[in-house]
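For reference, the structure is listed below as structure tokens.
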Protein chains: 2
Amino acid sequence: MPARAATLTDVAKEAGVSLATASRALNGSERVVRAELHARTLEAAARLGYTPNAQAQSMARGSTDLVGLLVNDISDPYFSTIAAGLANAAEQHGLLVMLCSTGGRPERELELLAALRRQRGRAIVLAGSRTNDRAHLRELAAQVEPFTESGGRVAAISEPRLPVDTVVVDNRRGAHDLAVELAALGYRRPAVLTGPERLLVSRDRRDGFTAGWRKSADGEPFFLAEEFTRDGGFRAMQRLLDEHPEVDCAFAINDLMALGAMAACRERGVDVPGDLAVAGFDDISTLRDVTPGLTTVRLPLTEMGGMALDLVLNEADGKPRRRKVRGEVVVRESTPRR
Amino acid sequence: MPARAATLTDVAKEAGVSLATASRALNGSERVVRAELHARTLEAAARLGYTPNAQAQSMARGSTDLVGLLVNDISDPYFSTIAAGLANAAEQHGLLVMLCSTGGRPERELELLAALRRQRGRAIVLAGSRTNDRAHLRELAAQVEPFTESGGRVAAISEPRLPVDTVVVDNRRGAHDLAVELAALGYRRPAVLTGPERLLVSRDRRDGFTAGWRKSADGEPFFLAEEFTRDGGFRAMQRLLDEHPEVDCAFAINDLMALGAMAACRERGVDVPGDLAVAGFDDISTLRDVTPGLTTVRLPLTEMGGMALDLVLNEADGKPRRRKVRGEVVVRESTPRR
DNA sequence: CTGAAAGCGCTAACAC
DNA sequence: GTGTTAGCGCTTTCAG
């Protein structure tokens, strides 16, 4: 029982064949090996508990079966759903996914991107960075460029400012459509619970909503910025109720914030939707059963993961491609007709 | 602009130093390199956009910075929370997490475990397999053994039948305590919505509940098995309402099933908790805001990820260790006093 | 302190 | 068909 894992050399020796033959029998492409030797090698491998060393293989072959995925926060259902979609698609291609979670910290994102580069994965998908910080974007690009330059493939999800293939979510449009819908339902005094100003998604959804609102009703939506989380939504709603009790509907720029907002209403004894209507964005599946049913903009998160992998696997010859994804307004009980 | 990534040799040449010096300057442990050469090397590396090849490094060094994590389904908040906890802990140690999602398919689990072995990660954490299938368990052990034998470390979460360090969730105890609590609250006719029989978690929670119930009240809980998902909970509740309208409380063996169960009640016009009380298990954070608040058994999911990493990183000399995790009953509005 | 050279485990020409 | 051998990119003795 060696403290060291069995190598192909061990197997070859054990089977009484050459290194090359063992390689061909175990990991080689075509079965150019005589049945008998083949069998002998397999047996030896089994006896020794041999597993190929992927590192050595990819060094020798010059390519990996790894694809890296960088997300903001894997415990956030938005990202874990995307990750599941990507993992699923990766399986179809016999690829392994290295998942990294940045926790929303830009420096960490850079570190992890570097780590992913080091792994020499076949491709990297970025689903984390959605900030507006120019300096950070530049550093990101500085990491991405040499990687793509040397044959690595990179795609982004929802980060349209990077010069790589991107799955672009039409956040403005989705929020716009939602605003139009809310106006049509009879609401007149809207508020938008947004995330931090530096986040593009947040701004796009807010601006899209505003645009849609202006088009279909009078008055301006009122804005309130907090963290991009359940707790942020909770606080934002508390402030809203304190400062602007006249509002009749609140659009939280994602479902998690909407969830927090509804919780705040409950705590204050504000009835949703009786006293105040609430809507979200994303259509997180776990949240489809909350009561009242949350009106939201559905994003095909699982598919987005697959699309990103698809982009990254199918070489483009030219400039960065964009695959647009549209959100679909789903009206539920949280925003009844007024 | 070479189609190939810059190598250390390229850097050494560019800097006019030897390979060894370049290695020491860039990735070496101690700074035994003269300041001038050091600087020259760094500059050359920057100029060339050099990134070390982790594969080559770990081959040469004989060790990786990777730890593998195998989960049932990354889009399930139970697992994504554990994953987040593990990733976080891994970051502290400068380790990268390779995340694999099996989708609950045993064959796939075996494949992925093999893939993880091939990557020669420093350690592997298994959070997927919780089945009772002897054959599968044996195959799993067959993969695990040669890995540990050759210095690899393996830990499991909630799979107490594998001969490795394990974070054991006391499912029986948690469910037991919940049953006692429900009985104390005045419920008299309980049902348990379970998952498939082959899943250990499901059986343990069911049996624990039964034990707790017998201890504190008369009569036997009624069982109903469906899938271990939101939809499974939905169907189970439909059947329950059809077949056993006399039941006054339903324990779904996880929060997701409970969520589905509550949705089914809503659809049928059954008031929760007025007509029927519902409880779950896990205390998924995203679900803490559902209405009525779901009574459940809280599990420290994030910490569990950290504990697993801890086990796997801190060598044990002896036999498999167990770290017990207890669930804590959290009573909310879905099970008021009767 | 620096350089030359021997591997790490495997694949892929290239011979036989 | 099968074996020999030269690398893949890097770290690490071992000499200078």
Side-chain angles (χ1 to χ4, degrees), chain A residues 2-41 44-45 48-66 117-122 150-152, chain B residues 2-41 44-45 48-65 117-122 146 150-152:
Chain A
R4 146 189 102 63
T7 74
L8 190 56
T9 311
D10 298 335
V11 174
K13 210 163 290 171
E14 171 91 6
V17 300
S18 79
L19 222 203
T21 301
S23 170
R24 291 191 271 251
L26 291 171
N27 314 316
S29 36
E30 306 313 301
R31 49 177 194 77
V32 279
V33 176
R34 195 171 13 131
E36 189 213 327
L37 292 193
H38 191 96
R40 246 202 292 163
T41 312
L48 266 39
Y50 169 75
T51 303
N53 181 324
Q55 324 256 343
Q57 285 185 311
S58 49
M59 270 201 69
R61 288 206 259 253
S63 81
T64 5
D65 291 345
L66 261 38
R117 275 188 68 194
R118 252 171 298 174
Q119 293 302 320
R120 295 289 189 274
R122 190 175 303 185
S150 55
Chain B
R4 139 189 111 59
T7 73
L8 191 55
T9 310
D10 298 335
V11 175
K13 210 162 290 171
E14 171 90 5
V17 301
S18 77
L19 223 202
T21 300
S23 169
R24 290 191 270 249
L26 291 170
N27 316 314
S29 37
E30 306 314 301
R31 51 176 192 77
V32 278
V33 177
R34 198 178 2 140
E36 188 212 328
L37 292 193
H38 191 95
R40 247 202 291 162
T41 311
L48 266 39
Y50 169 75
T51 303
N53 181 324
Q55 323 256 344
Q57 284 187 312
S58 48
M59 266 198 70
R61 287 207 261 253
S63 82
T64 5
D65 290 345
R117 275 189 67 195
R118 256 177 306 211
Q119 292 303 319
R120 294 291 190 275
R122 189 175 304 185
S150 56

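Each chain gets a letter, A, B and so on, in the order the sequences are listed, and its residues count up from 1. Values in this document were obtained by computation on a predicted structure and should not be read as measured data.
A/Arg117 is linked by a side chain to side chain donor-acceptor pair (under 3.5 Å) to A/Gln143, B/Thr51, counting only residues two or more places apart in sequence or in another chain. Evaluation of the salt bridge (Lys or Arg N to Asp or Glu O under 4.0 Å) rule for B/Arg118 yields no partner, not counting sequence neighbours. Residues satisfying the side chain to side chain contact (heavy atoms under 4.5 Å, CB included) test with A/Leu19, not counting sequence neighbours, are A/Leu8, A/Thr9. Annotation: side chain to side chain contact (heavy atoms under 4.5 Å, CB included) contacts of B/Ser63 (sequence neighbours excluded): none.
Protein atom CZ of B/Arg40 is 12 Å distant from nucleotide atom C1' of C/dT2, rounded to whole Å.
In this structure a side-chain-to-backbone donor-acceptor pair under 3.5 Å is present from B/Thr64 to B/Arg120. Here the side chain of B/Gln55 pairs a donor or acceptor atom with the backbone of A/Gln119 at under 3.5 angstrom.
Atom-to-atom distance recorded for B/Leu37:CG and B/Arg40:CZ is 5.0 Å, nearest 0.5 angstrom.
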Begin with the C-alpha distance, continue with both residues' side-chain angles, and end with the deciding distance and a verdict on side-chain contact (heavy atoms from CB on, under 4.5 Å) for B/Asn53 and B/Thr7. CA-CA 8 Å; B/Asn53 181 324; B/Thr7 73; over 6 Å; no
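Recorded end-axis angle for the helix from C/dC1-D/dG16 to C/dC16-D/dG1 stands at 40°, based on five pairs per end and rounded to 10 degrees.
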Encode nucleotides 3-10 of chain C as B, S and - characters from 5' to 3', where the letter depends on protein heavy atoms closer than 4.0 Å: B to the base, S only to sugar-phosphate, - to neither. BB--BBBB
